[in-house]
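In what follows, a single structure is set out as structure tokens and then discussed.
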Amino acid sequence: MKVRVSARFGRFALVCVAVVAVTVMGTVKGSLAFGLDDVAKKAEALAAKDFQDRSRSIPQWLLELTYDQWRDIRFRTDQSHWRSKGLPFELQFFHCGLYYDRSVAINEIEGKDVRPIAFSPSQFDYGKNEFQSRIPQDLGYAGFRVHYPIKNPAYKDEVIVFVGASYFRAVSKNTVYGQSSRGLAVDTALPSGEEFPYFREFWLEKPSKTAKQLVIYALLDSQRVTGAYKFTVIPGETTK
């Protein structure tokens with residue numbers, strides 16, 4: 001994993017960080033249109049600019065939802081990304097609101113093409129909530145989860161989740177979710193307060209029909225830090 005420290009410090013450094021439950025590897029861009037080097041360039045460009053707080057990009061009324069209201073918004077599983085392609089991996093998405101005050105851009109890499117995965121309110125069941133017509137068509141997602149058949153070949157289990165700041169967590173065949181990991185923690189337990197870097201954009205390599213791993217790139221940003229990440233997720237008896 002590469003984390004590039006922002007030029008906002010007036011310096012530039014390279015920090016190596018170990019990640020539990022996910023294998024983080026170097027990049028071999030090969031024939032694909034996008035790779036870790038491209039994320040690193042984006043991180044360097046962000047580091048050269050003043051930090052822009054994107055937490056106000058979500059309508060205030062969505063941030064004022066109760067927990068029960070937000071929980072009643074569920075992604076429609078029949079809308080799972082890649083399901084119609086019959087691929088081993090599928091993506092489902094989280095809705096912005098309540099604690100999730102930033103949308104994240106999510107992109108798909110397929111060969112020489114990089115294209116955004118577009119948000120639509122029709123992908124969600126709003127339950128008893130009556131505000132679906134007020135949802136901006138370009139709201140974006142709060143995060144995503146990856147599904148893969150680790151227990152039963154006929155059912156795709158949730159195996160890794162990215163949602164909220166730089167939080168993520170993974171699970172293997174015979175385990176349940178435990179503590180979340182973070183892409184980076186800054187100034188924890190200091191009287192001055194903690195800084196929370198967040199993943200602002202993701203790119204996922206479209207898997208083949210026989211794929212047993214999924215490659216995810218992430219761009220991290222905060223007041224003082226930018227970062228470029230590559231996650232190679234291999235689900236199974238032990239997710240690594």
Side-chain angles (χ1 to χ4, degrees), residues 19 21-25 27-36 38-39 73-96 100 103-126 135 137-164 166-173 175 177 183 199-219 229-240:
V19 175
V22 180
T23 300
V24 184
M25 307 169 65
T27 181
V28 179
K29 187 171 178 180
S31 60
L32 295 179
F34 193 88
L36 182 58
D38 298 292
V39 189
I73 305 173
R74 295 181 174 87
F75 186 79
R76 298 180 185 273
T77 57
D78 64 323
Q79 297 291 310
S80 298
H81 196 67
W82 295 328
R83 175 168 292 193
S84 63
K85 307 295 183 182
L87 302 184
F89 289 90
E90 293 180 2
L91 306 179
Q92 296 182 14
F93 304 98
F94 292 97
H95 202 284
C96 294
Y100 304 112
S103 63
V104 296
I106 304 175
N107 307 278
E108 176 182 358
I109 306 166
E110 182 178 11
K112 295 296 184 181
D113 295 325
V114 180
R115 49 182 172 265
I117 299 175
F119 167 88
S120 172
S122 64
Q123 297 171 315
F124 293 86
D125 181 346
Y126 289 83
I135 301 296
Q137 294 294 316
D138 60 351
L139 179 66
Y141 304 111
F144 67 96
R145 55 185 175 231
V146 177
H147 290 246
Y148 181 86
I150 55 176
K151 297 179 181 178
N152 183 330
Y155 180 79
K156 293 182 174 66
D157 300 275
E158 184 179 305
V159 294
I160 191 167
V161 174
F162 292 85
V163 64
S166 67
Y167 286 100
F168 64 94
R169 60 181 184 172
V171 68
S172 57
K173 181 176 180 179
T175 64
Y177 279 124
F199 289 131
R200 62 180 292 161
E201 189 163 6
F202 292 92
W203 297 261
L204 297 95
E205 292 183 7
K206 183 179 179 181
S208 69
K209 289 192 174 184
T210 59
K212 298 185 182 301
Q213 65 181 42
L214 182 68
V215 176
I216 302 169
Y217 302 98
L219 175 64
Y229 294 71
K230 177 182 179 181
F231 300 86
T232 299
V233 184
I234 309 172
E237 291 282 348
T238 300
T239 294
K240 56 186 179 179

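For the single chain, residues carry numbers from 1 onward in sequence order.
Side-chain contact check for Val233 versus Tyr148: every heavy-atom pair is 4.5 Å or farther apart. Contact annotation: the side chain of Glu237 never approaches that of Ser172 to less than 4.5 Å [non-hydrogen atoms, C-beta and beyond]. Looking at Phe162 and Ile106, their side chains never come closer than 4.5 Å, going by heavy atoms from C-beta outward. Counting only heavy atoms from C-beta outward, the side chains of Tyr229 and Ser166 never approach each other to under 4.5 Å. Within the 4.5 Å cutoff, the side chain of Ile117 has heavy atoms near those of the Leu91 side chain. In this structure the side chain of His95 reaches within 4.5 angstrom of the side chain of Ile135, judged on heavy atoms. The closest side-chain heavy-atom distance from Phe93 to Gln79 is not below 4.5 Å. Counting only heavy atoms from C-beta outward, the side chains of Lys209 and Leu87 approach each other to under 4.5 Å.
Listed for the Asn107 side chain is no donor-acceptor partner under 3.5 Å among the backbone atoms of Leu204. Judged purely by atom type and a 3.5 angstrom limit, Tyr217 has no side-chain atom pairing as donor or acceptor with the backbone of Val39.
Shown here for Ile150 and Pro235, the closest heavy-atom pair between the two residues is CG2-CB, 3.6 Å. Listed here is the closest heavy atom pair of Ala33 and Asp38: O-OD2, 4.2 Å. Scanning all heavy atoms of the two residues, the minimum distance from Pro121 to Tyr126 falls at O-CE1, 3.4 Å. Residues Cys96 and Ala142 approach most closely at SG-N, 3.6 Å, considering heavy atoms. What you find for Ala170 and Thr239 is that their closest heavy atoms are CB-CG2, 4.2 Å. Shown here for Pro149 and Pro88, the closest heavy-atom pair between the two residues is CD-O, 3.4 Å.
Residues meeting the salt bridge (Lys or Arg N to Asp or Glu O under 4.0 Å) test with Glu90, sequence neighbours left out: Arg83, Lys156.
Note: Trp82 CH2 to His147 NE2 = 12.0 Å, rounded to the nearest 0.5 Å. Atom CD1 of Ile234 and atom CD1 of Ile160 lie 11.5 Å apart (nearest 0.5 Å). Atom-to-atom distance recorded for Phe231:CZ and Phe202:CZ is 7.0 Å, nearest 0.5 angstrom. Atoms OG and CZ, on Ser103 and Phe119 in that order, are 9.5 Å from each other to the nearest 0.5 Å.
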Stepwise side chain to side chain contact (heavy atoms under 4.5 Å, CB included) check, Leu32 with Trp203: CA-CA 12 Å; Leu32 295 179; Trp203 297 261; over 6 Å; no
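Applying the side chain to side chain donor-acceptor pair (under 3.5 Å) test to residues at least two apart or on different chains, the pairs with a partner in residues 113-125 are Glu110-Arg115, Ser120-Ser122, Gln123-Tyr141.
Here the options are Arg145, Glu158, Arg74, the test is side-chain hydrogen bond (donor to acceptor under 3.5 Å, both in side chains), and the partner is Gln92; only Arg145 passes.
Between Tyr100 and Phe94, the distance from one ring center to the other does not fall under 6.0 angstrom.
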